[in-house]
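These notes are about the structure you will find just below.
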Amino acid sequence: GLKYVHNDMSYPAILSIGQLVEAVESGRYDKHKVALMITQSGGGCRASNYLYLLRKALQRAGLEYVPVISLNLSSLDKQPGFKVTLRLALRSVFAMMYGDLLVNLGNQCRPYEVHAGETDKLISAWMEKIIDLFSKGKGIWFEPMRKLMKEIIADFRKIECDRSREKPRVGVVGEIYVKYSPFGNNNLEAFLLKEGAEVVVPGVTDFLLFKGNNRYVDVDLYGGSRIKKAAMWCYQWFICRCQDIMIEEIEADGFFRAPCHFADLEELVKGYLGCGNKMGEGWLLTAEMLELIHSGTNNIVCTQPFGCLPNHVAGKGMMRKIKDDYPYFIPSSVLSDARRKLVDVILDVPTVRDEVGKHNTTSTNIPKTYTIPYLHNAANKKSREYYEKNGIKADCFENPVHGNNERPLLMQCRYCLRDAMGLCLKKGGGKLLPEPLKLSLNDGKCFELAFNCNKCEMHVYADKGL
């Protein structure tokens, strides 16, 4: 992703665009018979720009002929070759409902299964069966879905589980891509499962209802078409009816925990965030944390990708308020701070301090003057104080150099000016320019460029006089 997307963009954009480009270039698909689809939020979130970033990435990769389709509720980019028909929309909603049910039941069985892998096998079997039913036009509508969900729940009850000891439940909330994608969250669910936890992940249905609800309340908050408001009401009613059926069937069985209704989330978040807080996951993120706490899941991982500012506000920004209302809810950041303070207290005990001091005696082998490479970022006051405190005098404070090069290296980046000008040697582009290439500023400063084509890197060096 970093080959084509600037690292100032949000983490999900870099990963998802990188995955899509890699898929096209992998050889698994015919490049001239494949299309890509990406969602757009349509709001102030930078996810609204993913479509254009993907098209730019494909162009830079020489794949500009691959069509890109936008899936959104805001008519941001209409495609003549793709249209969301009523039939497709209905199938998508019911597929989402079946998916949420399978994930919900699977997460409650997997930590306790006696025969490892039995839960995943049952999920795969039901996925194949549902796909087959959809191809025949079956399982789509309220009563057929209710009947099929009864069968699914009954099958999951047959999984042999050992529930003699209840495992700690850990909820996962946050930005939608990082929350659900194992690649985005570094296989978080598998890690928690391995550590002996039961993972609780809210379903996708609430997010789709949240997006429709945003457009519904917009009319009241900011004005707009009453027709739009009526359409969004119908949209919410239909999906909520599907969600109600799923919850009713889980509760009727009485063995598994059911998620709460979307209307309950709206009530829970009152007093914390208003319905106008809709950027990113907005108020839904806070509501999901409250839902988990109310259902007895007090351990929560909030997956917040770097750079997603709205989610930092609705996620970490609300933790103090939630903790004030629910003292038994302890965010991981508070636990980390408590650990640091506890270590400081322990080390301050005289006997412990003396014992630690025996093992921290400064070795006489440390040189009086130790040259630290320029890239260690030691050329500032705080780092100077740190090294001097530890008995090290760093020559690089006065005369920073990098290796044998007389010019200090200022930057290493994946962005390449050669590639931007269509002169990438790896892509067989254009004529060779006389080297070394240089960047010159109006004030006379000059920066020499060097290229590591094997690693797709461009190095920027400062002028000797800088």
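These values consider heavy atoms only, across backbone and side chains, with no hydrogens, waters or symmetry-generated copies.
Partners of Lys121 under the salt bridge (charged side-chain N to carboxylate O under 4.0 Å, His left out) rule, at least two apart in sequence or in another chain, do not exist in this structure. Remark: Val460 engages Met411, Phe447, Leu449, Met458 in a side chain to side chain contact (heavy atoms under 4.5 Å, CB included) (not counting sequence neighbours). Legend: residues meeting ring pair (Phe, Tyr, Trp, His ring centres under 6.0 Å) with Phe142, ordered by chain and number and at least two apart, are Phe238. By the salt bridge (charged side-chain N to carboxylate O under 4.0 Å, His left out) test, Glu195 pairs with no residue at all, sequence neighbours left out. Shown here are the salt bridge (charged side-chain N to carboxylate O under 4.0 Å, His left out) partners of Arg226, two or more places apart in sequence or in another chain: Asp220. Listed by chain and number, the residues in a side chain to side chain donor-acceptor pair (under 3.5 Å) with Tyr177 are Gln19 (sequence neighbours excluded). Partners of Glu160 under the salt bridge (charged side-chain N to carboxylate O under 4.0 Å, His left out) rule, at least two apart in sequence or in another chain, do not exist in this structure. Applying the side chain to side chain donor-acceptor pair (under 3.5 Å) test to Glu291 and every residue at least two apart in sequence or in another chain returns nothing.
A distance of 7.5 Å separates CE in Met289 from CE in Met318, rounded to the nearest 0.5 Å. Atoms SG and CG, from Cys242 and Leu209 in turn, are 9.5 Å apart once rounded to the nearest 0.5 Å. One distance of note links CD1 of Ile153 with CE of Met246; it measures 9.0 Å at 0.5 Å rounding. A distance of 12.0 Å separates CD1 in Ile245 from CG in Leu148, rounded to the nearest 0.5 Å. Residue Leu208 holds its CG atom at 4.5 Å from CE of Met96, rounded to the nearest 0.5 Å. Note that the CZ atom of Phe156 and the CZ atom of Arg110 stand 8.5 Å from one another [nearest 0.5 Å].
With contacts defined as side-chain heavy-atom distances shorter than 4.5 Å, the pair His294/Cys260 does not qualify. Here the side chains of Ile300 and Ile293 are in contact, with some heavy-atom distance below 4.5 Å. The closest side-chain heavy-atom distance from Tyr216 to Tyr235 is not below 4.5 Å. Residues Val219 and Ser225 form no side-chain contact, since every pair of their non-hydrogen atoms from C-beta on lies 4.5 Å or further apart. At least one side-chain heavy atom of Phe256 sits less than 4.5 Å from a side-chain heavy atom of Cys109. Leu122 is not listed as a side-chain neighbour of Lys158, based on a closest heavy-atom distance of 4.5 Å or more. A heavy-atom distance below 4.5 Å is not found between the side chains of Glu457 and Phe451. A heavy-atom distance below 4.5 Å is not found between the side chains of Met145 and Ile140.
A donor-acceptor pair under 3.5 Å is absent between the side-chain atoms of Asp162 and the main chain of Val114, judged by distance alone. Side chain of Thr119 to main chain of Glu113: no donor-acceptor pair is present (N/O by atom type, distance under 3.5 Å, no hydrogens or angles). A donor-acceptor pair under 3.5 Å links the side-chain atoms of Asn277 to the main chain of Gly274, judged by distance alone. Lys167 places a side-chain N or O within donor-acceptor distance of the main-chain N or O of Pro111, the cut-off being under 3.5 Å. A donor-acceptor contact shorter than 3.5 Å is absent between the side chain of Glu281 and the backbone of Leu284. Asn299 contributes a side-chain N or O that, together with a main-chain N or O of Arg169, makes up a donor-acceptor pair within less than 3.5 Å. A donor-acceptor contact shorter than 3.5 Å links the side chain of Arg215 to the backbone of Lys211.
For the pair Asp419 and Cys424, the tightest heavy-atom approach, listed with the atom from each and the gap, is OD1-CB, 3.7 Å. In terms of heavy atoms, Val21 sits closest to Ala57 at CG2-CB, 4.2 Å. Considering every non-hydrogen atom in both Leu285 and Cys302, the closest pair reads CD2-SG, 3.7 Å. Considering every non-hydrogen atom in both Pro202 and Val173, the closest pair reads CG-CG1, 4.2 Å. Residues Ala23 and Ser26 come closest through the heavy atom pair O-OG, 2.7 Å. Nearest heavy atom pair, residue Pro144 against residue Tyr98, reads O-OH, 4.2 Å.
Under a cut-off of 6.0 angstrom, the local environment of CZ in Arg163 is crowded, with over 12 non-hydrogen atoms contributed by other residues, nucleotides or ligands. Under a cut-off of 6.0 angstrom, the local environment of CZ in Phe255 is crowded, with over 12 non-hydrogen atoms contributed by other residues, nucleotides or ligands. Counting non-hydrogen atoms of other residues, nucleotides and ligands closer than 6.0 Å to NZ of Lys56 gives a total of 12 or fewer.
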Do Gln243 and Asp206 pass the side-chain hydrogen bond (donor to acceptor under 3.5 Å, both in side chains) test, and can you show the C-alpha distance, the side-chain angles, and the key distance before you say yes or no?
-> CA-CA 9 Å; Gln243 186 185 54; Asp206 288 328; 2.9 Å; yes
Kindly determine whether Val301 and Val170 satisfy side-chain contact (heavy atoms from CB on, under 4.5 Å), including the steps that lead there.
-> CA-CA 7 Å; Val301 177; Val170 180; 3.8 Å; yes
Pair Trp237-Ile239, side-chain contact (heavy atoms from CB on, under 4.5 Å): steps then yes or no | CA-CA 6 Å; Trp237 176 87; Ile239 300 180; over 6 Å; no
Checking salt bridge (charged side-chain N to carboxylate O under 4.0 Å, His left out) for the pair Lys31/Glu25: CA distance, chi angles, key distance, verdict?
-> CA-CA 8 Å; Lys31 295 179 181 179; Glu25 293 182 329; 5.8 Å; no
Before giving the answer on side-chain contact (heavy atoms from CB on, under 4.5 Å), spell out for Leu101 and Ile152 the whole-Å C-alpha distance, their side-chain angles and the decisive distance to 0.1 Å.
-> CA-CA 9 Å; Leu101 178 66; Ile152 293 173; 3.9 Å; yes
For residues 123-134, dump all side-chain donor-acceptor pairs below 3.5 Å to protein atoms at least two apart in sequence or in another chain.
| unit_1 | atom_1 | unit_2 | atom_2 | d |
| --- | --- | --- | --- | --- |
| Ser124 | OG | Asp120 | O | 3.1 |
| Trp126 | NE1 | Asp155 | OD2 | 3.0 |
| Asp132 | OD2 | Lys136 | NZ | 3.3 |

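The list of side-chain hydrogen bond (donor to acceptor under 3.5 Å, both in side chains) pairs with a residue in residues 179-189, not counting sequence neighbours, reads Lys179-Glu288. The list of ring-ring contact (aromatic ring centres under 6.0 Å, His included) pairs with a residue in residues 262-292, not counting sequence neighbours, reads Phe210-Trp283, Phe262-Trp283. For residues 255-265, the side-chain hydrogen bond (donor to acceptor under 3.5 Å, both in side chains) pairs, not counting sequence neighbours, are Glu198-Arg257, Asp244-His261.
Of the residues listed (Asn214, Asp218, Asn213), the one engaging Lys278 in a side-chain hydrogen bond (donor to acceptor under 3.5 Å, both in side chains) is Asp218, and it is the only one. Here the options are Ile69, Leu58, Ile17, the test is side-chain contact (heavy atoms from CB on, under 4.5 Å), and the partner is Leu36; only Leu58 passes.
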